[in-house]
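Below, chains carry the letters A, B, ... as their sequence lines are ordered, and counting in each starts from 1. All figures in this text were calculated on a predicted structure; none of them were measured in a lab.
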Number of protein chains: 2
Amino acid sequence: MEMSLEKALTTVVTTFHYSGREGSKLTLSGKELKELIEKDLCLGEMRESSIDDLMKSLDKNSDQEIDFKEYSVFPTMLCVAYNDFFLADNQ
Amino acid sequence: MEMSLEKALTTVVTTFHYSGREGSKLTLSGKELKELIEKDLCLGEMRESSIDDLMKSLDKNSDQEIDFKEYSVFPTMLCVAYNDFFLADNQ
């Protein structure tokens, strides 16, 4: 196994804090979420509307900021999507 | 950033499938979940009762096997725990 699960989960946490540069270090703004997605997920340019929709779905308390608990749903959604892709690829 | 978030999430998926050796490759038994935790999470020996409790909490359809969707809650729980530890450590 090239990389341990523990290191992967630590990366999920540190990437979040690494991306929270402006304002509170403990939350992400829409701009910071967009940067994280484009830089750390290599998903290319995201439309503002897609970021707004994602922010709305993650920002449970509607304070325009994403804390880690709100954010943690996002990597899970991506893992489930990657898993579906992984299964389709292996059929 | 030493390791991209994308690689970390891919590791979460591949670790699951890598660990599903016996029976269905697409699910984890209690034994396989125990092995994953002890080997890939370096959490040391886990008591059978702890594994049983974790299995019960993850195994939503009670088929004694954990599919990926059921499993995906577990890394999220760990990330939130790591985050709390990360915050406490940085205060």
Rounded distance (nearest 0.5 Å) linking atom OG1 of A:Thr10 with atom CG of B:Asn83: 11.5 Å

Euclidean distance, B:Leu9 CG relative to A:Phe74 CZ, rounded to 0.5 Å: 8.5 Å

Sequence-distant partners of A:Glu35, salt bridge (charged side-chain N to carboxylate O under 4.0 Å, His left out), two or more places apart: A:Arg21, A:Lys31

A:Lys69, NZ atom: more than 12 neighbouring heavy atoms under 6.0 Å: no

Polar side chain donor-acceptor pair, A:Thr76 to B:Thr76, under 3.5 angstrom: yes

Nearest-0.5 Å distance, CD1 of residue A:Ile37 to CG of residue B:Leu5: 9.5 Å

Pairwise side-chain contact, A:Lys7 with B:Thr11, heavy-atom cut-off 4.5 Å (strictly under): no

Side-chain heavy-atom pair A:Cys79, B:Phe68 within 4.5 angstrom cut-off: yes

Hydrophobic cluster identity match, B:Val13 and A:Phe85, side-chain contacts under 4.5 Å: no

Region of B:Leu41 that comes under 4.5 Å of a non-hydrogen atom in chain A: both

Interatomic distance, B:Ser4 atom OG to A:Lys39 atom NZ [nearest 0.5 angstrom]: 10.0 Å

